[in-house]
Amino acid sequence: MQLSEQELVRREKLGKLRALGINPYPADLFPVDHTSKQIKSDFEDGKQVIIAGRLMAINIQGKASFAQLQDSEGRIQLYFNRDEICTGEDKSKYNDVFKKLLDLGDFIGIEGTLFTTQVGEKTVMVKNFKMLSKALKPLPIPKQKDGKTYDAFTDPEQRYRQRYADLAVNPHVKEVFVKRTKLFNAMRQFFNDAGYFEVETPILQPIPGGAAARPFTTHHNSLDIPLYMRIANELYLKRLIVGGFDGVYEFSKNFRNEGMDRTHNPEFTAMEIYVSYKDYNWMMDFCEQLLEHCANAVNGTSEATFGEHKINFKAPYKRITMRDSILEFTGFDIYNKSEDEIRTAAKGMHIEVDETMGKGKLIDEIFGEKCEGNYIQPTFITDYPKEMSPLCKEHRENPELTERFELMVCGKEIANAYSELNDPIDQRERFEHQLKLAKKGDDEATEFIDEDFLRALEYGMPPTSGMGIGMDRLIMFLTNNQSIQEVLFFPQMRPERKQVDLSDNEKAIFEALKAEKRMDLNILKSKSGLSNKGWDKGLKGLGKHGLTKVEKTDDGLFVELV
RNA sequence: GACCAGUUAGCUCAGUUGGCAGAGCAUCUCCCUUUUAAGGAGAGGGUCCUGGGUUCGAGCCCCAGACUGGUCACCA
């Protein structure tokens, strides 16, 4: 591995520290008793503090210096005065260890007392400091002045691949993840207060059910069977309702082997909750209360900004049926229309349709194309066509519809809920219908029948309402991020390219030259068999590695091994 | 998968008709005891994403590829 100049310098400092008897990576605990935030909030002149963190700025002014120390809660200024640190004759701890051997990014521990500088900055007067961990690689630290940031570490590729560096230097990035955890905690608290029970269900499943998506497959060696990473946990949570729990919920890491883009990562987090003896009307009330609570817990207000939109999560939310929505935005009433009539209408709206699309799918296309994008404020869309909701109970008034709602925010779905289908015979028929759709070429239809799930339903599942919430999408809305990668610590990336030592070009020239030690440049060039550019790069590369030297004489140019 | 943009020093970025590779910060040396993007003087640091082509000569032009971002397609 090739090290940069700055990395080499830091490795040298490591050796110098050890030569002075200082362990750059000590094992013993450091007795921290304050954070940067506590120092500022409970400031008291002359108070003794012990703090630790990362050096983020150093400003040496001769016999006294200033520095910024960053801990988990922010930054605090340090004042290093030579005679405060080195009270005796020996000034080497200040002159050598502090001034020459510490670098930006190093973790140090500080014992000191508090004071305020002439310009009014709350500061720790360092009495003693200890190296806690040396940073061998320079951090990309931005600079601030007058609220403007200079040299910000902004390249998305590097930020995602090196999230540790991103978090260390970009406080606003850390804030997003703090809010993410606040959201999970708030939601968990809301459910627990309502008396519902957090559970865990299998991630490795023999049949990937509960959604239509391509799964990741793996293999269990002892059982010698294929297993699938879950695409949803719905069917397992319903089994628990069959088992007698009143309300169960799970934060579920799901995996879908599909495309990646701004709003899709191969693994993502859904929250699913199932509550017995309820229906989807109750769930709408519950959902709007939940989201208002969560928005307040995360941002201190029910209002949120997302791009150019201001959204308000304060309950209640508008409710509209899919039929009315389509009627409103297209003037077309899907009620009592045949599949062909709807297909013709869709064509008239310039929507791409084909013969494999059933009635439900056609309606969904119309809604997606013409209606969905209009819902900026949280809105419940209700009563979806039966065909596209195989796990949802038939509507109590219209057998072509289901008791389903989706919550739309800024034109995107963030929640999906049903009065759950608990009729085992109806459920089997729906699965079989899906199978037919799949065979017809609908790649969204489910192609597995989970017999064990049907057996569970046959034992009897109470009337139940269930809801799923896309947690990544929700936190995107609450933190105003347009990309899912900004709300996942480690979004999936393509593997980085490996670095090579000697390039092929360099090797070819080196091999040709090895026997002769010294050759005419043009003869060597033809012997190496390289293209002009390959030759040029190769020879320059060898020179850079210090392996060859080019010599100019009256007889021409010669290359020799060094 | 398609199209567009990008890839140059540790970071953020310039780079002229194709003619020795540039700046600020960071790094190194020196001065400086309440500064705050501290300041002053000096120095070092490069696989210009990779490979091929055109050319006397390519960071720059052409072709192919890699990676990233964006838009679209796909996606319960």
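Every chain is numbered from 1 and lettered A, B, ... according to where its sequence line falls, protein lines coming before strand lines.
When the P atom of U36(B) is taken as reference, atom CD1 of Ile141(A) falls 19 Å away, rounded to whole Å. The distance from atom CZ of Arg262(A) to atom P of A73(B) is 12 Å, rounded to the nearest whole Å. Distance, Phe268(A) CZ to C75(B) P: 15 Å, rounded to whole Å. The CZ atom of Arg75(A) sits 13 Å away from the P atom of A37(B) (whole-angstrom rounding). Here C11(B) presents its P atom at 15 Å from CZ of Arg159(A), a figure rounded to the nearest Å. We find that CG of Asp166(A) is positioned 11 Å from P of U12(B), with the value rounded to whole Å. One can place CZ of Arg256(A) at 13 Å from P of C75(B), the figure rounded to the nearest angstrom. For the pair Gln158(A) CD and G10(B) P, the computed distance is 10 Å after rounding to whole Å.
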Start with the C-alpha gap between Glu250(A) and Thr201(A), add the side-chain angles, then the distance that decides, and say whether side-chain hydrogen bond (donor to acceptor under 3.5 Å, both in side chains) holds.
CA-CA 8 Å; Glu250(A) 179 177 19; Thr201(A) 64; 2.6 Å; yes
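When the P atom is used for both G18(B) and C60(B), the distance is 11 Å, rounded to whole Å. Look at the P atom in both C61(B) and A43(B): the space between them is 34 Å, to the nearest Å. Atom name P, nucleotides U12(B) and U17(B): the rounded distance is 27 Å, in whole Å. If you take atom P in C28(B) and the same atom in A64(B), they sit 46 Å apart, rounded to whole Å. C13(B) and G59(B) are spaced 14 Å apart, taking the C1' atom of each and rounding to whole Å. Going from the C1' atom of G46(B) to that of G40(B) covers 28 Å, rounded to whole Å.
Between Asn128(A) and Lys93(A), the side chains place a donor N or O and an acceptor N or O closer than 3.5 Å (distance only, hydrogens not considered). A donor and an acceptor atom, one from each side chain of Ser389(A) and Arg404(A), are located under 3.5 Å apart.
By the 6.0 Å contact criterion, NZ on Lys40(A) is enclosed, its count of non-hydrogen atoms from other residues, nucleotides or ligands being greater than 12. Within 6.0 Å of the CD atom in Glu73(A), the count of heavy atoms belonging to other residues, nucleotides or ligands exceeds 12. Residue-environment remark: NZ (Lys91(A)) exceeds the threshold of 12 foreign heavy atoms within 6.0 Å.
Nucleic acid contact for Arg161(A): sugar-phosphate only, since backbone atoms but no base atoms lie under 4.0 Å from a heavy atom of the residue. Residue-level contact check: Gln482(A) touches neither bases nor backbone, having no heavy atom under 4.0 Å from any strand. Residue Gly368(A) is out of contact with every strand shown, counting any heavy-atom pair closer than 4.0 Å.
Looking only at side-chain heavy atoms (C-beta outward), Leu391(A) and Leu421(A) stay at 4.5 Å or farther from each other.
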Just by protein heavy atoms under 4.0 Å, how would nucleotides 27-35 of chain B read 5' to 3' in B, S and -?
SS-S-BBBB
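When the side-chain nitrogen and oxygen atoms of Lys137(A) are compared with OP1 and OP2 of G10(B), none of them lie within a distance under 4.0 Å.
The CZ atom of Phe405(A) lies 13.5 Å from the CE atom of Met322(A); values are rounded to the nearest 0.5 Å.
When each of Ser483(A) and Arg404(A) is assigned the nucleotide of RNA chain B bearing its nearest heavy atom, the one mapping closer to the 5' terminus is Ser483(A).
Residues Arg11(A) and Glu7(A) are not paired through a salt bridge, judged by the lack of any N-O separation under 4.0 Å between the basic side chain and the carboxylate. A salt bridge links Glu400(A) with Lys359(A): the closest approach of a Lys/Arg side-chain nitrogen to an acidic carboxylate oxygen falls below 4.0 angstrom.
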What are the atom names and distances for every N/O pair under 3.5 Å that joins the protein to nucleotides 7-9 of chain B?
none

